[in-house]
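Just below is one structure, and these are the notes that go with it.
Both backbone and side-chain heavy atoms feed into the values below; hydrogens, waters and symmetry mates do not. Note on naming: letters A, B, ... go to the chains in the order of the sequence lines (proteins, then strands), and numbering restarts at 1 for each one.
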There are 2 protein chains.
Amino acid sequence: MNKREDMKQMIERLKQRGVTLTPQRMAVIEFLIKSSNHPCVDTIYQAIKKKYPSISPATVYSTLQLLKEMGEIQELHIRGDRACYDPITWRHHHLLCRSCGRILDVDIDGCPITNNKLIREHRVEEVQAYIYGVCSECLEKERDDKSKS
Amino acid sequence: MNKREDMKQMIERLKQRGVTLTPQRMAVIEFLIKSSNHPCVDTIYQAIKKKYPSISPATVYSTLQLLKEMGEIQELHIRGDRACYDPITWRHHHLLCRSCGRILDVDIDGCPITNNKLIREHRVEEVQAYIYGVCSECLEKERDDKSKS
DNA sequence: CTAGTTGCAAAAGCTTTGCATGCAT
DNA sequence: ATGCATGCAAAGCTTTTGCAACTAG
């Protein structure tokens, strides 16, 4: 809820994990937490350039990758052409408006497909759920490999 | 269920909508329907090249776009780096296995997050639901514009 | 003949990589 | 001094676009 508090905690977690928090990285974190727009790389880059004119896209990319690996942010591929980023809180689903192009957060109220509040407020044209994990076959192989060794 | 039947029906629908079914397009359709792998563009292209050595990636792209616009196939962005394609039937959700890299179909059994069969069979690490449509604000604007005119 | 499709090549993004420079501990 | 982060440039991919040649009805 409280963004300032969210940011403080994220920074604390990163520090404890030994991440060097350079001004550039701080700027990326701050921009991400403060924006509720799920910005793409270029948006983040353009915004930070105003404060740090020397920052390069490569730094933004590497920072985002770092934060993603640390589990502090989520990479969204809801837009086909470029990745967007979301500092994770409790929320989880996303609505891409085909009219204004914004990406809105959607509370998980049971199922995204039958979520009444969602359907009542917005016009839902399509739902895609992407599940990431390990499939049953690979799990079986894992088990076999373990039992052999 | 019956792929031959699915394909026949898809072709029938396309014909009725006035789509020219060239050999290249037929090859794309056939490959898509027959494969249960959710192939990416290059996989489709490489496969068809064996039969039609002269086919170009551009033709594959344009055919896929056409089929997508016709609502006959679905473009998946479950992989961040390239689009994959799925001839739509009744099913809807997808699991990307981080071990073997395959994309598996997942029946919608209620909610993808709490789907018991899914959780029992595979290891679910992350779920992202993408909803496409029009947000409440744009719907309101639409209504205002209509009432004005 | 006409409209639409194909194939090639070039171009346009987005993203990654390599490397020298620079900063911080 | 050492290791890491930065910034720049180049390269790698996927995807789009333009255009001439071709094909089908």
Side-chain angles (χ1 to χ4, degrees), chain A residues 11 14-32 38-70 72-85 96 101 103, chain B residues 11 14-32 38-70 72-85 96 101 103:
Chain A
I11 288 164
L14 291 168
K15 267 188 190 163
Q16 287 193 348
R17 297 227 247 161
V19 174
T20 318
L21 288 168
T22 63
Q24 291 91 333
R25 286 181 179 172
M26 285 296 288
V28 171
I29 291 169
E30 196 180 349
F31 185 78
L32 265 172
H38 310 282
C40 64
V41 180
D42 194 57
T43 304
I44 299 168
Y45 168 64
Q46 297 296 342
I48 294 175
K49 213 166 55 167
K50 287 177 193 163
K51 219 176 177 178
Y52 298 91
S54 72
I55 200 172
S56 80
T59 301
V60 176
Y61 273 102
S62 88
T63 301
L64 290 170
Q65 200 173 327
L66 179 74
L67 293 173
K68 190 178 67 174
E69 280 163 8
M70 292 278 167
E72 295 290 348
I73 62 171
Q74 198 177 25
E75 196 177 69
L76 304 179
H77 296 289
I78 191 167
R79 256 180 240 285
D81 56 348
R82 65 208 125 121
C84 299
Y85 295 88
L96 172 60
I103 298 170
Chain B
I11 287 163
L14 291 168
K15 266 188 191 161
Q16 288 193 345
R17 298 227 246 158
V19 174
T20 318
L21 288 166
T22 63
Q24 292 92 332
R25 287 179 177 173
M26 286 296 286
V28 172
I29 291 169
E30 195 178 352
F31 184 78
L32 265 173
H38 311 281
C40 63
V41 181
D42 194 57
T43 304
I44 299 167
Y45 168 63
Q46 296 297 341
I48 293 173
K49 213 167 57 168
K50 287 175 191 162
K51 219 175 178 178
Y52 298 90
S54 73
I55 200 172
S56 80
T59 302
V60 177
Y61 273 102
S62 89
T63 302
L64 290 170
Q65 201 173 325
L66 179 74
L67 293 173
K68 191 178 65 173
E69 279 163 10
M70 291 279 167
E72 295 290 349
I73 62 173
Q74 197 177 25
E75 196 176 67
L76 304 179
H77 296 289
I78 191 168
R79 258 180 239 284
D81 56 348
R82 64 208 124 121
C84 299
Y85 294 87
L96 172 60
I103 297 169

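For the pair B/R25 and B/T20, the tightest heavy-atom approach, listed with the atom from each and the gap, is NH1-O, 2.8 Å. What you find for B/S56 and B/Y45 is that their closest heavy atoms are C-CE1, 3.8 Å. Looking at every heavy atom in both residues, B/I103 comes nearest to B/C84 through CD1-SG, 3.8 Å.
For residues 50-68 of chain A, every residue pair satisfying the salt bridge (Lys or Arg N to Asp or Glu O under 4.0 Å) rule, not counting sequence neighbours, is listed here: A/K68-A/E75.
In this structure, the side chain of A/R82 does not engage the main chain of A/V41 through any donor-acceptor pair within 3.5 Å. A donor-acceptor distance shorter than 3.5 angstrom exists from the side chain of A/R79 to the backbone of A/G101, with no hydrogens or angles considered. Checked by atom type and distance alone, the side chain of B/R17 pairs as donor or acceptor with a backbone atom of B/M70 at under 3.5 Å.
A 4.5 Å side-chain heavy-atom check between A/T22 and A/T63 finds every atom pair outside the cut-off.
Rounded to a whole Å, the CG atom of A/L66 is 13 Å from the P atom of D/dC4. Rounded to whole angstrom, the span from the CG atom of A/L21 across to the C1' atom of D/dC4 amounts to 13 Å.
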Taking N or O atoms only and anything under 3.5 Å, show me the protein contacts with nucleotides 19-25 of chain C, one pair per line.
none

Protein-proximity profile, nucleotides 6-18 of chain C, B/S/- by nucleotide at the 4.0 Å heavy-atom cutoff, equals SBB-----SBBB-

